[in-house]
Amino acid sequence: MPLQRTLSPPGVDHRSRGDWAGVSLLSSLVFALTLSSLGCRSNQPTPHRGPTPAVNLGTPSAPKPPPSRKSNLQNDRLAQTSTPFGGETHTRRPVQLASVQRASVTTPPNTASRTPTEKTPLAQNLNPGQPPAFWDLTEAEMISLALQHSDVIRSLGLRVLEAPASVTTAYDTAIQASDPMFGPQAALAEFDSQLNASLTTQNNDRVFNNATLGGQVQELVQDYAQFQSGWTRRTTWGTQWDLQSIHLYDSNNRAGNSFPSYWETQLELGVRQPLLQGAGQPFNLIAGPNARPGLNFSNGIWIAQINTQISQADFEIQLRDYFLELYTAYWQLQRLYHSYASICQARDVSHEIWQTVLSKQQSGLMGGEAYKEAQTRAQYYRYQREAEIALGGSAGDTGIRNAERTLRRMIGLPITDSRLLRPADEFTTAPFEFEIQSSVARGFQHRTELRRQRLQVQQQNLRLVAAKNFLLPRLDMIGRTRVRGFGDDLTGEGPRFASAADDLFSFDHTEWEFGVEMGVAPLRRQAKSAVRNATLQLHRERSILEEQQQAVTYEIHEAISNSQSSFAALQNSLARVQAGKDRLASSRALYDAGKIQLEFLIDASEELLQSQRQLHVDQSNYSLSLVQISRAMGTLLTDIGVHSYRR
């Protein structure tokens, strides 16, 4: 078919029609480029942003959307704010907010993020509608509160319910010292003076078949009274003293009496001094009186005092370990606060990425594919879940609330109040150098376990000395002197025998006695067995002391090595975090320029979060490693200014 020419309307120039068509085509191209430019603003490089404020505990998970691009540009550089967790305050916001109005973006069903007015679990559990209040707890306050409320030495393992008898309290040392059977005062009481007195009266009316038996009377009528008082004392040399005073009155009807009634009084002093077995001050201070072979001599003064010192050492060991666990709980809570802040920052960044992709999807632009929107949404809710677990904990993870309650229990505070404990002291990051030999020497000097074992060795050595004393025969020197007085009356004046007191002090009736007593077991089986047993016990305690010194040496070496390793790991983590920030900033710039895929930006954000969380772990480990060094050297209580005493 031949082409047919279409006639133009009158007055129309065909050359002008071609020109107008070109202009129209150019205008359409410009309009399309303009729309593309408006829809891809999020891909353009953004100016440098200021630091992102740290995430506060309990704040909404999603930041407020900016009202417009203009207001977003006016607030392009954010003001620097301090974080309550001591975290990094100079972290750049890695993703530029989308330039489109977020208020006009419709969130898909079941994907609505939190709005700033939503209440977090923390705010719900405390005061609804009000932000949580914090108690910035310093180490000094923690130690002071722990000492005020720590009559029972608490442990991270709840032993007070399962085994209350094994729990250490502040009263244990005093209970040992005040033991009325084996305490020091009980041992000293064995050498105290003893006073005794007695008064007896009788009225007798007896009939005798033989008058000779009745004193030449068939029926004896008698009034009789006796008063006796005495004093006894045992010295630390083994000497036994006794002093007695006897006064008696007798009135009877015997035919041969010089006086119808009479008084008799006497004063008697006796002494017994061991010469071999049981003699000497060292033996009596070790074994105490009435000691026998094979006993532990716990009623000896020196043994009882050492037992009290051992009890004091046991208390100091438990107190030291308690403060180690207290610092562990303190640094763990600090680490969880830091980790929570890092997770919240990553969550907010993930939310911004999601909203950016979502805005592109709803605008029909490149980069808003459905799988990318689902990927960013899933990552946001993963961070949201981690934030919830970091706050409240789970079956396998410890959260801020769990750690905060643990610290409260360790300190002795109420389980909950209107405030949350928050460590105020930051992690230690300064390097410390420890010289091995001097540290080991300090450990040998200050380690409580070694001091306790030295007391055990000293105690067993004393028991061996006392056991050898029983190999000697028993040889005692005895002596006694007595003065008597007789009279019609107890006191008074008159001729001889008118006053019993005057006759006593005339010393006309003086008696004395002197001699020795001896006893021995020829085979001495029990004594030899006691010496053998005490010798073996002494060797055992000395071997344990040597092994403990070896163990302390290893512990100090290991603690210092762990500290050096923890510091090296901390430095590497700091470098890794800085590298993660640089990578995130570079990835952000490349993503804004459209040169990399979204996955690379997400991976950079995830890498930064993991490096920050590892940094918090390394910071906690290094701070705790320094406490472990003080514990290994036995100077932890001295370093924190705690001194135990006996109540």
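In this chain, residues are counted from 1 in sequence order.
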**Residue from Arg447, Arg452, Arg451 passing salt bridge (Lys or Arg N to Asp or Glu O under 4.0 Å) with Glu449** =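 Testing Glu449 for a salt bridge (Lys or Arg N to Asp or Glu O under 4.0 Å) against Arg447, Arg452, Arg451 leaves exactly one candidate, Arg447.
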
Any luck finding a side-chain donor-acceptor pair between [X] and [Y] under 3.5 Å?
| X | Y | result |
| --- | --- | --- |
| Asp618 | Ser573 | yes |
| Glu606 | Tyr383 | yes |
| Thr169 | Asp172 | yes |
| Ser359 | Gln355 | no |
| Asp639 | Thr635 | yes |
| Glu435 | Ser438 | yes |
| Asp582 | Gln578 | yes |
| Ser342 | His616 | yes |

Tell me if a side-chain donor or acceptor on [X] pairs with a main-chain N or O of [Y] at a distance below 3.5 Å.
| X | Y | answer |
| --- | --- | --- |
| Thr376 | Lys372 | yes |
| Asn621 | Val617 | yes |
| His557 | Thr553 | yes |

[X] versus [Y], closest heavy-atom pair with distance:
| X | Y | value |
| --- | --- | --- |
| Leu421 | Leu333 | O-CD2, 3.7 Å |
| Trp331 | Asp425 | CZ3-O, 3.7 Å |
| Ala424 | Thr138 | CB-CG2, 3.8 Å |
| Phe434 | Ser439 | CB-OG, 4.0 Å |
| Leu407 | Ala329 | CD1-CB, 4.1 Å |
| Ile389 | Ser394 | CG2-OG, 3.9 Å |

Would you say that [X] contacts [Y] through its side chain, given a criterion of any heavy-atom pair below 4.5 Å between the two side chains?
| X | Y | result |
| --- | --- | --- |
| Val552 | Val440 | no |
| Gln361 | Glu369 | no |
| Leu590 | Phe600 | no |
| Arg335 | Arg613 | no |
| Leu570 | Leu615 | yes |
| Phe315 | Tyr171 | no |
| Phe444 | Gln548 | no |
| Val167 | Arg154 | no |

**Option passing side-chain contact (heavy atoms from CB on, under 4.5 Å) with Thr168 (candidates Ile153, Thr173, Ile317)** =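 That would be Ile153.
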
**Message:** Classify the ring geometry of Tyr327 against Tyr330: parallel below 30°, tilted from 30° to 60°, perpendicular beyond 60°.
**Reply:**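 If you compare the ring of Tyr327 with that of Tyr330, the planes turn out perpendicular.
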
**Request:** Hey, can you tell me if Phe427 and His338 have their rings parallel, tilted or perpendicular (30° and 60° cut-offs)?
**Result:**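 Tilted.
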
**Message:** Atom CZ of residue position Arg385 - does it have more than 12 heavy atoms of other residues, nucleotides or ligands inside 6.0 Å?
**Reply:**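 Check fails, neighbour count at 12 or below.
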
**Request:** Please say whether more than 12 non-hydrogen atoms of neighbouring residues, nucleotides or ligands are located less than 6.0 Å from CD in Glu558.
**Result:**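 No - once you tally the heavy atoms of other residues, nucleotides and ligands closer than 6.0 Å, there are 12 at most.
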
**Request:** Walk me through it: do Glu386 and Arg382 pass the test salt bridge (charged side-chain N to carboxylate O under 4.0 Å, His left out)?
**Result:** CA-CA 6 Å; Glu386 291 186 8; Arg382 181 172 72 86; 3.0 Å; yes

**Prompt:** Does the pair Gln628 and Asn562 meet the rule for a side chain to side chain contact (heavy atoms under 4.5 Å, CB included), with working shown?
**Reply:** CA-CA 9 Å; Gln628 291 281 7; Asn562 290 340; over 6 Å; no

**Message:** Assess the residue pair Glu607 and Arg576 against the criterion (salt bridge (charged side-chain N to carboxylate O under 4.0 Å, His left out)); give the C-alpha distance rounded to whole Å, side-chain angles, the decisive distance to 0.1 Å, and a yes or no.
**Reply:** CA-CA 9 Å; Glu607 171 63 23; Arg576 180 187 174 190; 3.1 Å; yes

**Item:** Test side chain to side chain donor-acceptor pair (under 3.5 Å) applied to Arg377 and Gln379, Glu373, Gln375, the passing residue
**Value:**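 For Arg377, the side chain to side chain donor-acceptor pair (under 3.5 Å) test succeeds with only one of Gln379, Glu373, Gln375, which is Glu373.
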
